[in-house]
Each structure stands twice: as structure tokens, then as C-alpha cells.
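Worksheet: one structure, shown below.
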Amino acid sequence: MNPGLENAGLDAWLVRLFDHIDDANMNWIAALIQDCERVFGKHLLDLVPSYTTLLVQFDPLTLDHGEARHLLQQVLADLTPLQDNATAPVKILPVWYHPSVGPDLARLEQHTGLSIQHIIELHSSHTYRVFALGFAPGFAFMGTLPAELETPRLASPRAKVPAGSVALAGRQTAVYPSATPGGWNLLGRTPIRLFDPASRSLSLLRVGDRVRFEPVSRAEFERLGGDMTPMEAL
């Protein structure tokens with residue numbers, strides 16, 4: 001690791017820790033978040049993590065640009081990755097995997113050479129880490145997918161993807177928290193609400209969370225309040 005600092009405006013620095021996405025990055029980024037919160041204290045306005053970087057936004061009225069850079073250099077000099085917490089709870093998201101709500105299952109079958117059942121088993125047997133939130137409120141970028149499932153995005157994004165849609169693109173997976181345009185490959189749908197503006201936490205998933213998808217039947221999906229409307233009817 002050879003971290004670098006990039007100027008991100010009068011009130012922010014971008015810390016670039018890595019050049020490539022890797023599950024192990026999260027332990028370093030989580031440690032950097034923790035240390036920045038401690039060192040910047042009241043001067044800190046926001047921290048925005050991604051797979052390889054952390055944007056550090058500070059109050060320019062109480063801390064100038066050069067001082068902020070010096071603090072970050074001190075943090076990076078002593079940075080040590082957090083240890084994996086294998087006992088941390090895993091958030092389970094029930095999913096109804098079916099072509100009516102996962103219209104790209106057939107495309108994935110053709111692209112990967114795997115059966116739909118094998119695709120579902122691979123996707124649901126892995127525990128993912130939340131690396132970043134973005135694109136839409138509550139949209140969690142999770143990784144890393146098994147290499148066998150790696151599939152490019154759609155050539156033309158859909159005008160509307162229903163809330164709760166479970167999807168993958170490249171080596172990432174995610175759930176659409178609200179109805180938005182999107183070009184990821186749709187596998188199924190979860191009845192769980194990922195973003196609630198009325199709740200204190202807003203987003204169900206947070207950076208660093210461990211997540212697993214659990215296949216459920218249509219009956220169970222419906223019992224949990226899932227939206228049964230097929231894609232072609234939307």
C-alpha cells in the first residue's frame with residue numbers, strides 16, 4: 001500500500017489507499033475512518049468511503065487546508081488495519097429469485113454457462129461486505145462476487161428498476177432501494193426496505209456491514225410484504 005493525498009477542494013482531501021478493489025481494503029479504510037474521527041474531532045464535517053479511497057471533508061473556518069493535510073499525513077504514518085470481526089452479525093436479506101422479478105437470470109445463464117439454480121446458489125452462498133453507499137440513497141455497493149458470476153452491465157440501462165431489485169454488475173452486487181433507472185443485471189427481489197427517510201439511520205446497510213442473501217419461496221416473499229408485480233407489468 002502506497003497512500004496518496006489528492007486535493008479535493010478548499011474543504012476536503014481525497015485519501016487514495018489502493019488502486020484495485022479487494023475485500024481486504026475494507027479493514028484499512030475502516031481504520032482510516034476511525035482514526036480521522038479521532039484526530040479531526042470537531043473539525044470533521046464528513047467522511048465518504050469507497051472501495052479504494054476516503055474523502056475527508058473538514059470545516060475550513062476552523063482548520064486550514066495545510067493543517068488538514070498535515071493531520072492526514074500523521075494518521076497515514078501510523079495507520080494499522082482493523083482486524084476482521086468474524087463474530088459480527090451478518091445482515092440477512094431474503095430474496096425471491098425468479099425470472100418474473102429477475103429478468104436477467106437467463107442472460108446470466110448464457111453469459112456464465114451456469115444453470116440458473118447454480119447462479120442462485122453461488123450468489124446466495126457468499127457473505128458480502130458493504131464497501132460504499134451512493135448512486136441513490138441507501139444503494140450499497142457490495143463485494144466481492146464469486147469470479148464465476150462476473151458479468152458486465154446491460155448495454156442500455158432500464159428506464160425504471162423496481163425498489164428491492166437484487167442485482168449484480170462486474171464483481172459487485174447491490175439492491176435498488178427505490179425505483180430508479182439502472183443497468184445492473186436483475187436476479188430477483190427482496191421485500192426488505194433498504195432506505196427509510198423516517199428512520200434515524202435512514203439506510204439499513206452501512207459501510208463495513210456483512211450481508212448475505214437468502215433464497216425464499218414466492219409464498220414467503222409475499223408473506224413478508226414483497227412487491228409481486230412482474231417486470232413486464234411495470
Side-chain angles (χ1 to χ4, degrees), residues 85 87-109 114-146 149 151 153-154 156-234:
N85 185 359
T87 63
V90 176
K91 293 183 176 179
I92 306 296
L93 297 181
V95 181
W96 179 39
Y97 294 93
H98 191 271
S100 66
V101 291
D104 296 314
L105 282 170
R107 176 175 182 265
L108 289 167
E109 184 178 38
L114 304 172
S115 68
I116 289 179
Q117 186 57 41
H118 194 181
I119 290 168
I120 294 170
E121 289 172 357
L122 274 176
H123 185 259
S124 60
S125 64
H126 192 70
T127 299
Y128 303 95
R129 293 288 294 274
V130 176
F131 283 93
L133 296 173
F135 169 63
F139 190 99
F141 293 86
M142 292 177 270
T144 306
L145 273 174
L149 294 181
T151 306
R153 301 182 187 203
L154 304 181
S156 299
R158 293 182 172 91
K160 182 180 179 181
V161 175
S165 293
V166 177
L168 64 81
R171 295 291 301 276
Q172 304 176 94
T173 189
V175 179
Y176 285 82
S178 56
T180 61
W184 289 35
N185 302 277
L186 305 184
L187 313 178
R189 204 175 289 173
T190 180
I192 303 301
R193 190 172 186 180
L194 274 290
F195 181 77
D196 183 1
S199 72
R200 172 178 287 185
S201 60
L202 299 178
S203 175
L204 175 68
L205 303 179
R206 305 186 68 81
V207 171
D209 280 352
R210 300 165 70 225
V211 180
R212 194 168 68 245
F213 298 96
E214 182 177 87
V216 296
S217 65
R218 172 175 176 160
E220 180 65 6
F221 176 77
E222 188 172 15
R223 186 189 70 78
L224 293 171
D227 181 2
M228 302 292 296
T229 309
M231 280 292 298
E232 60 269 20
L234 294 169

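Remember, it's a predicted structure, so these values are computed and weren't measured experimentally.
The nearest pair of heavy atoms linking Leu194 to Pro177 is CB-CB, 3.7 Å. For the residue pair Pro181 and Val161, the shortest heavy atom distance occurs at C-CG2, 4.4 Å. The two atoms that bring Pro146 and Tyr128 nearest to each other are CD-OH, 4.0 Å, heavy atoms only. Residues Leu205 and Ala140 approach most closely at CD1-CB, 3.9 Å, considering heavy atoms. Minimum interatomic distance between Pro191 and Pro94 (heavy atoms only, all atoms of both residues): CD-O, 3.4 Å. Annotation for Ala174 and Trp184: closest pair CB-CZ3, 3.5 Å, computed over non-hydrogen atoms.
Using a distance-only test at 3.5 Å, with no hydrogens or angles considered, a donor-acceptor pair links the side chain of His126 to the main chain of Thr144. Between the side chain of Thr151 and the backbone N or O of Ala169, no donor-acceptor pair lies under 3.5 Å. A donor-acceptor pair under 3.5 Å links the side-chain atoms of Arg171 to the main chain of Leu145, judged by distance alone. Remark: side-chain polar atoms of Arg129 are paired, donor with acceptor, to backbone N or O of Gly208 under 3.5 angstrom.
No side-chain heavy atom of Tyr176 sits under 4.5 Å from any side-chain heavy atom of Arg189. Counting only heavy atoms from C-beta outward, the side chains of Leu187 and Val95 never approach each other to under 4.5 Å. In this structure, Ser165 and Arg158 have side chains that are not in contact, with every pair of non-hydrogen atoms separated by 4.5 Å or more. For the pair Asn185/Leu154, a side-chain contact is recorded, criterion being any heavy-atom separation below 4.5 Å from C-beta on. A heavy-atom distance below 4.5 Å is found between the side chains of Leu204 and Leu93.
The side-chain contact (heavy atoms from CB on, under 4.5 Å) test with Leu114 singles out one residue from Leu108, Leu149, Ile120, and that residue is Leu149.
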For side-chain contact (heavy atoms from CB on, under 4.5 Å), just list the numbers for Tyr97 and Ile119, CA-CA rounded to whole Å, side-chain angles, deciding distance to a tenth of an Å, and then say yes or no. CA-CA 10 Å; Tyr97 294 93; Ile119 290 168; over 6 Å; no
Just do the side-chain contact (heavy atoms from CB on, under 4.5 Å) check on Ser203 and Leu133 with the steps written out, would you? CA-CA 9 Å; Ser203 175; Leu133 296 173; 4.3 Å; yes
Under the side-chain contact (heavy atoms from CB on, under 4.5 Å) rule, what do Phe213 and Thr173 come out as? Steps first, then yes or no, please. CA-CA 10 Å; Phe213 298 96; Thr173 189; 3.9 Å; yes
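We find the CG-CZ distance between Leu168 and Arg153 to be 11.0 Å, quoted to the nearest 0.5 Å. We find the CD1-CZ distance between Ile92 and Arg210 to be 9.5 Å, quoted to the nearest 0.5 Å. Rounded to the nearest 0.5 angstrom, Lys160 NZ and Ser178 OG are separated by 10.5 Å. The distance from atom OG1 of Thr127 to atom CE of Met142, rounded to the nearest 0.5 Å, is 11.5 Å.
The salt bridge (charged side-chain N to carboxylate O under 4.0 Å, His left out) pairs that include a residue from residues 89-103 are Lys91-Asp209, where partners are two or more places apart or lie in different chains.
For the salt bridge (Lys or Arg N to Asp or Glu O under 4.0 Å) test, residues two or more places apart in sequence or in another chain that qualify with Arg193 are Asp196.
Sparse packing is recorded around CZ of Arg212, with 12 or fewer heavy atoms of other residues, nucleotides or ligands lying under 6.0 Å away.
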Please table the atom pairs, donor to acceptor, closer than 3.5 Å between any side-chain atom in residues 218-226 and protein atoms at least two apart or in another chain.
unit_1, atom_1, unit_2, atom_2, d
Glu220, OE1, Arg223, NE, 3.0
Glu220, OE2, Arg223, NH2, 2.8

